Amino acid sequence: MRTLKVLHKSTRRRYSTTAILGKRLFSDEFDENDEQEGTKHQPISVSLDVQVLGERSFNGSCSSMVNMADNLYNTKLSLGTSSSGKENFPPKRITHPSKWLSSPYDHNERGPLQPHEIELHRGIVALSKVEPHRSKVVVLIDKTSLFLGQLGDSFGVSGHVEAYVFNVFCRMLFRENHPRRSKTHYFFTTLGDYFLENWKSEEGRREMKRKTLRSFNGAGKALPLHESDRIFFPPVHDEHWFLFVVDIIARKFVFLDSYYEGNTPFHIGIRDLMINNFIKTWEDSNLRGMSFRKFGVEYPNMPKQIGSDACGIFALNWMQTWASRNPMQRQFTMNDVANARVRFAVDILFSIHNTEDQGKILVKNFAW
């Protein structure tokens, strides 16, 4: 290889005398007294043995180091890499909601109820008790409707949440955060009924199966189910709401319940039934195999309700906020139920995705 000439100390240009601010340190002008062999217009020839293969930007270098650190961390724990398929690595952890509000930036914390929210909720409950307002459709989101009576009865004091509320809430969550962004799917209560085999005849079973398969197919058009992180199903059994979560990224079947523990007869009688029917539905839909038979079953120790009417409120809240591997999520307790009834009723009615405006006008005129 050719050796580049090194300038003698006495012939080097004295750049220290050049002003730094506002001027370039290196001049483009050619100095005939300079001993350098190349200029901007006559560059130094480089041997063919030297090749510039490429360069990496600062952002690219940072990204590469972060990925390398993540892979080394996972390898040390024998957990696989973050870039591998979801079906190929176990969860790093299953964490339970924090007893404390760990993060001051929790986006689910909206502060205390505002006076206008309380007034709107009062109007919803009052109007839902009288005709003809009770029978009016006041919520319409993607062809999923809700009567004012159903809304008021569900979120009034000691109200038991109705199935239609869950269905509308699923559509609202879909619109607020599309599955391509949230990596989450929410299904109607009819799928929970199918998994629990709540049919009365063979014809009813076939009809429920048809609707379930159609729901799986429709959800897959928004985001293939195997690419999602979590899938939520809100079932009701013996008039008690709980949440059945297929946590694909954690490889767990998770049951969230505000009243019953996992070792009670309530869940012992339905756990395997729900899991097996879900797996069979997945297979009947010809979806990608996810080794569901190897998934574990988790019953997080969630705060419990007092009385028998708050289970639906707990389930709605968990649908909106629960994440299996977020150590900073805050616990939802019985002390939060009363305020949550107000928030849920107002948020659903006045959602920007609710295209039925007459209900909003009716409640606003009553409140003020």
Side-chain angles (χ1 to χ4, degrees), residues 85-91 94 163 166-167 170 179 183-220 223-302 311-312 314-315 318-319 322 324-325:
K86 296 173 184 174
E87 67 276 16
N88 295 327
F89 66 94
I94 284 286
F166 275 95
N167 295 343
C170 287
K183 301 296 182 182
T184 304
H185 281 294
Y186 306 93
F187 283 97
F188 286 4
T189 59
T190 49
L191 276 76
D193 291 336
Y194 178 70
F195 297 156
L196 290 170
E197 299 184 356
N198 289 334
W199 54 71
K200 297 181 180 180
S201 64
E202 178 61 21
E203 182 181 353
R205 184 194 69 81
R206 289 196 298 267
E207 179 63 18
M208 293 180 71
K209 179 179 180 179
R210 184 185 66 81
K211 291 181 178 179
T212 300
L213 295 178
R214 186 176 63 184
S215 296
F216 270 43
N217 180 63
L223 174 73
L225 268 65
H226 67 272
E227 294 183 8
S228 58
D229 292 344
R230 287 175 293 272
I231 307 175
F232 286 87
F233 301 94
V236 58
H237 182 60
D238 289 342
E239 299 185 353
H240 174 70
W241 291 103
F242 62 98
L243 213 56
F244 174 50
V245 185
V246 181
D247 199 327
I248 294 178
I249 195 171
R251 298 177 62 82
K252 295 280 188 179
F253 293 113
V254 183
F255 290 84
L256 303 178
D257 198 306
S258 60
Y259 191 81
Y260 295 102
E261 301 288 352
N263 57 359
T264 58
F266 180 90
H267 280 288
I268 292 176
I270 64 175
R271 177 180 58 218
D272 292 341
L273 182 66
M274 293 202 67
I275 292 175
N276 291 333
N277 281 330
F278 164 77
I279 295 175
K280 188 175 186 306
T281 302
W282 187 280
E283 294 172 347
D284 290 343
S285 300
N286 297 319
L287 299 176
R288 180 180 298 182
M290 301 297 291
S291 302
F292 286 124
R293 302 290 179 184
K294 299 180 181 179
F295 276 31
V297 179
E298 185 82 11
Y299 284 88
N301 183 22
M302 310 301 287
C311 55
F314 275 85
W318 291 332
M319 287 177 65
W322 190 81
S324 58
R325 301 200 290 178

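Source: prediction; values computed, not measured.
- One distance of note links CG of D229 with CD1 of I248; it measures 8.0 Å at 0.5 Å rounding.
- Evaluated for a ring-ring contact (aromatic ring centres under 6.0 Å, His included) with F255, the options F233, W322, F244 yield exactly one hit, F244.
- Taking a 6.0 Å sphere around CD of E202, one finds it holds more than 12 heavy atoms contributed by other residues, nucleotides or ligands.
- A search for ring-ring contact (aromatic ring centres under 6.0 Å, His included) contacts involving F295 returns F253, F292, not counting sequence neighbours.
- Remark: N198 engages D193, L196 in a side-chain contact (heavy atoms from CB on, under 4.5 Å) (not counting sequence neighbours).
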Check the pair R293 / I275 against side-chain contact (heavy atoms from CB on, under 4.5 Å), numbers first and verdict last.
CA-CA 9 Å; R293 302 290 179 184; I275 292 175; 5.9 Å; no
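- H226 places none of its side-chain heavy atoms less than 4.5 Å from the side chain of L287.
- Within the 4.5 Å cutoff, the side chain of C170 has heavy atoms near those of the M319 side chain.
- Heavy-atom minimum distance, P179 versus L223: O-CD2, 3.3 Å.
- Within the 4.5 Å cutoff, the side chain of M208 has no heavy atoms near those of the T190 side chain.
- With rounding to the nearest 0.5 Å, the separation of CG in N286 from CZ in F216 is 12.5 Å.
- A distance-only check finds a donor-acceptor pair linking the side chain of W282 to the backbone of R288 [under 3.5 Å].
- In terms of heavy-atom proximity, N277 sits nearest to T281 at O-OG1, 2.8 Å.
- Under the ring-ring contact (aromatic ring centres under 6.0 Å, His included) criterion, F314 pairs with W318, F332, not counting sequence neighbours.
- Shown here for T189 and A163, the closest heavy-atom pair between the two residues is OG1-CB, 3.7 Å.
- Partners of E207 by side-chain hydrogen bond (donor to acceptor under 3.5 Å, both in side chains), not counting sequence neighbours, listed by chain and number: R210.
- If you look at F242 and Y259, their ring centroids are not closer than 6.0 Å.
- Under the rule for a side-chain contact (heavy atoms from CB on, under 4.5 Å), the partners of C311 that lie at least two apart in sequence or sit in another chain are H160, H240, W241, S258, Q305.
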Please report the C-alpha distance between L256 and V245 in whole Å, then the side-chain angles of each, then the deciding distance to 0.1 Å, and finally whether the side-chain contact (heavy atoms from CB on, under 4.5 Å) criterion is met.
CA-CA 8 Å; L256 303 178; V245 185; 4.3 Å; yes
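- Side-chain contact between T212 and F187 is absent, with no heavy atoms from C-beta onward closer than 4.5 Å.
- Heavy atoms only, all atoms of each residue included: R251 and K294 are closest at NH2-CB, 3.9 Å.
- Annotation: side-chain contact (heavy atoms from CB on, under 4.5 Å) contacts of K200 (sequence neighbours excluded): none.
- Checked against side-chain contact (heavy atoms from CB on, under 4.5 Å), K209 has the following partners two or more places apart in sequence or in another chain: Y194, R205, L213, K280, D284.
- From H185, atom NE2 reaches atom NZ of K183 across 9.5 Å, with rounding to the nearest 0.5 Å.
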Let me check something: any side-chain donor-acceptor pairs from residues 263-274 under 3.5 Å, sequence neighbours excluded? List them with distances.
residue : atom : partner : partner atom : Å
T264    : OG1  : E261    : O            : 2.6
H267    : NE2  : D257    : OD2          : 2.7

